[in-house]
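What's counted below: heavy atoms across the whole structure, side chains too, no hydrogens, waters or symmetry copies.
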Amino acid sequence: MSILLQSGLFGLGPPCSIAINFEDAETRKQASVKRESGQTELVPLFHGQDTVAGEVRIEPLPGKKIEHTGVKIELIGQIELFFDRGNFYDFTSLVRELDIPGEISQRKIYPFEFQNVEMQYESYNGVNVRLRYILRVTVSRNYSSNIVKEKDFWVRNILKEPEINNTIKMEVGIEDCLHIEFEYNKSKYHLKDVVIGKIYFLLVRIKIKHMELEIRRRESTGSGPNTYNESETLAKYEVMDGAPVRGECIPIRLSSVHMT
């Protein structure tokens, strides 16, 4: 059993405070992450093969001392499916021992470093699944619950621009009534890209009042009978208001699209 510093056990808080600080916290970029509560939080941003380093500060409450069997910090990458809450799949797990068994009666500072960590998967908060990276400090104790402190950080991997990035063409419509062709300038985009394209009205025999384009993120989790599919609208744009005519071409430029 462990005591998470955020909640305590049976209403009793832990006998110490633990802080996890990154060594380059003031200069490192941050990512804006939306939590389940709907609130947005800024967390440190890392890339694959980055070194994760900093210090852990443990300070007992006034008049308290902590007898422990060791202090460690773990760097963990894990996947959690929301329909299977509480069960985590750890795909990365690194450990650094910070202290041997003993006693903490005053503030202690422990430096830590995980060199060139392989973080091949990007962080993700979805509708049904979450992929996260955390630092977890554990103060192990014999006769009392362990004391645990966690700190999240975000991973985003930057890839080279693809050498081949073909255009996209697709056709939709209703037989003998409506025939529309969409054309986009490329098939691969970065997270804050501008979508440029055209809409061609090849056949129009019905009245169209207006048209909208949506950019959706499609998420698929699980397998077999436990497969869950969800779609989330990231952006919506009104393309036209009024009836188009045959042969008309409408240019598209969708900017400020945050596809995260």
Side-chain angles (χ1 to χ4, degrees), residues 1-26 28 30 33 35-37 41-46 48-82 84-121 123 125 129-155:
M1 182 183 294
S2 298
I3 296 178
L4 281 173
L5 289 184
Q6 292 87 342
S7 59
L9 182 64
F10 303 120
L12 300 177
C16 67
S17 63
I18 299 179
I20 306 173
N21 301 314
F22 294 100
E23 66 175 8
D24 53 357
E26 294 183 358
R28 179 167 291 277
Q30 294 186 313
V33 179
R35 297 301 185 187
E36 292 182 64
S37 61
E41 179 184 356
L42 292 176
V43 296
L45 177 63
F46 287 82
Q49 302 299 322
D50 273 358
T51 293
V52 181
E55 63 180 25
V56 174
R57 297 189 180 196
I58 301 178
E59 186 166 1
L61 297 179
K64 299 283 187 179
K65 62 180 180 180
I66 306 167
E67 294 183 356
H68 64 88
T69 58
V71 180
K72 66 180 180 180
I73 184 169
E74 300 168 88
L75 189 155
I76 299 173
Q78 62 182 204
I79 297 173
E80 179 186 14
L81 295 171
F82 293 159
D84 192 22
R85 282 186 179 274
N87 293 322
F88 303 96
Y89 164 65
D90 292 349
F91 57 86
T92 295
S93 182
L94 303 172
V95 183
R96 297 288 184 270
E97 299 293 337
L98 300 179
D99 204 352
I100 60 174
E103 182 180 279
I104 302 176
S105 57
Q106 58 185 0
R107 183 172 67 180
K108 275 196 171 184
I109 299 176
Y110 303 97
F112 68 87
E113 183 179 64
F114 297 92
Q115 285 191 346
N116 307 121
V117 183
E118 184 177 353
M119 297 177 284
Q120 59 177 317
Y121 304 118
S123 300
N125 275 346
V129 66
R130 174 173 65 171
L131 190 152
R132 64 194 292 239
Y133 290 87
I134 58 174
L135 290 174
R136 177 186 295 158
V137 174
T138 303
V139 180
S140 301
R141 300 191 290 177
N142 267 334
Y143 304 108
S144 300
S145 301
N146 295 341
I147 305 172
V148 178
K149 173 71 173 181
E150 294 182 349
K151 189 179 185 72
D152 285 80
F153 62 94
W154 199 259
V155 172

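- Expressed to the nearest 0.5 Å, how far CD of Glu150 lies from CG of Leu135 amounts to 9.5 Å.
- Among residues two or more places apart in sequence or in another chain, the ring-ring contact (aromatic ring centres under 6.0 Å, His included) test is passed with Phe114 by none.
- One finds the CD1 atom of Ile147 at 4.0 Å from the SG atom of Cys16 (value rounded to the nearest 0.5 Å).
- How far CG of Leu42 is from CH2 of Trp154: 12.0 Å, rounded to the nearest 0.5 Å.
- For the pair Pro44 and Arg28, the tightest heavy-atom approach, listed with the atom from each and the gap, is CB-CD, 4.2 Å.
- Side chain of Ser123 to backbone of Val155: a donor-acceptor contact under 3.5 angstrom is found.
- Interatomic distance, Asp152 CG to Arg130 CZ, rounded to the nearest 0.5 Å: 7.0 Å.
- Taking every heavy atom of both residues into account, Lys64 and Pro60 meet most closely at O-CB, 3.5 Å.
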Extract all donor-acceptor atom pairs below 3.5 Å that involve side chains of residues 49-59 and protein atoms in other chains or at least two apart in sequence.
from  : atom 1 : to     : atom 2 : distance (Å)
Asp50 : OD2    : His47  : N      : 2.8
Thr51 : OG1    : Asn116 : N      : 3.1
Glu55 : OE2    : Arg57  : NE     : 2.8
Glu55 : OE2    : Arg57  : NH2    : 3.0

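- Distance check, rounded to the nearest 0.5 Å: CD of Glu26 to CG of Asn21 gives 10.5 Å.
- Of all the heavy atoms in Arg132 and Ile134, the pair that sits closest is NH2-CG2, 3.3 Å.
- The minimum heavy-atom distance between Tyr110 and Leu98, with the atom names listed, is CD2-O, 3.3 Å.
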- Candidate pair Phe22 and Lys151, rule side-chain contact (heavy atoms from CB on, under 4.5 Å), full reasoning: CA-CA 10 Å; Phe22 294 100; Lys151 189 179 185 72; 3.5 Å; yes
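- The distance from atom CD of Gln78 to atom OH of Tyr121, rounded to the nearest 0.5 Å, is 14.5 Å.
- Side chain of Thr69 to main chain of Ser140: a donor-acceptor pair is present (N/O by atom type, distance under 3.5 Å, no hydrogens or angles).
- Checking each of Lys65, Lys108, Arg141 against Glu103 for a salt bridge (charged side-chain N to carboxylate O under 4.0 Å, His left out) leaves exactly one that passes, namely Lys65.
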- Task: Give the C-alpha distance, both sets of side-chain angles, the deciding distance and a yes or no for side-chain contact (heavy atoms from CB on, under 4.5 Å) between Phe91 and Leu131.
- Result: CA-CA 10 Å; Phe91 57 86; Leu131 190 152; 3.8 Å; yes
- Steps toward side chain to side chain donor-acceptor pair (under 3.5 Å) verdict (Glu113, Gln115): CA-CA 6 Å; Glu113 183 179 64; Gln115 285 191 346; 3.1 Å; yes
- Message: Assess the residue pair Met119 and Tyr133 against the criterion (side-chain contact (heavy atoms from CB on, under 4.5 Å)); give the C-alpha distance rounded to whole Å, side-chain angles, the decisive distance to 0.1 Å, and a yes or no.
- Response: CA-CA 9 Å; Met119 297 177 284; Tyr133 290 87; 3.7 Å; yes
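- Using a 4.5 Å heavy-atom threshold, the side chains of Val43 and Phe153 count as separate.
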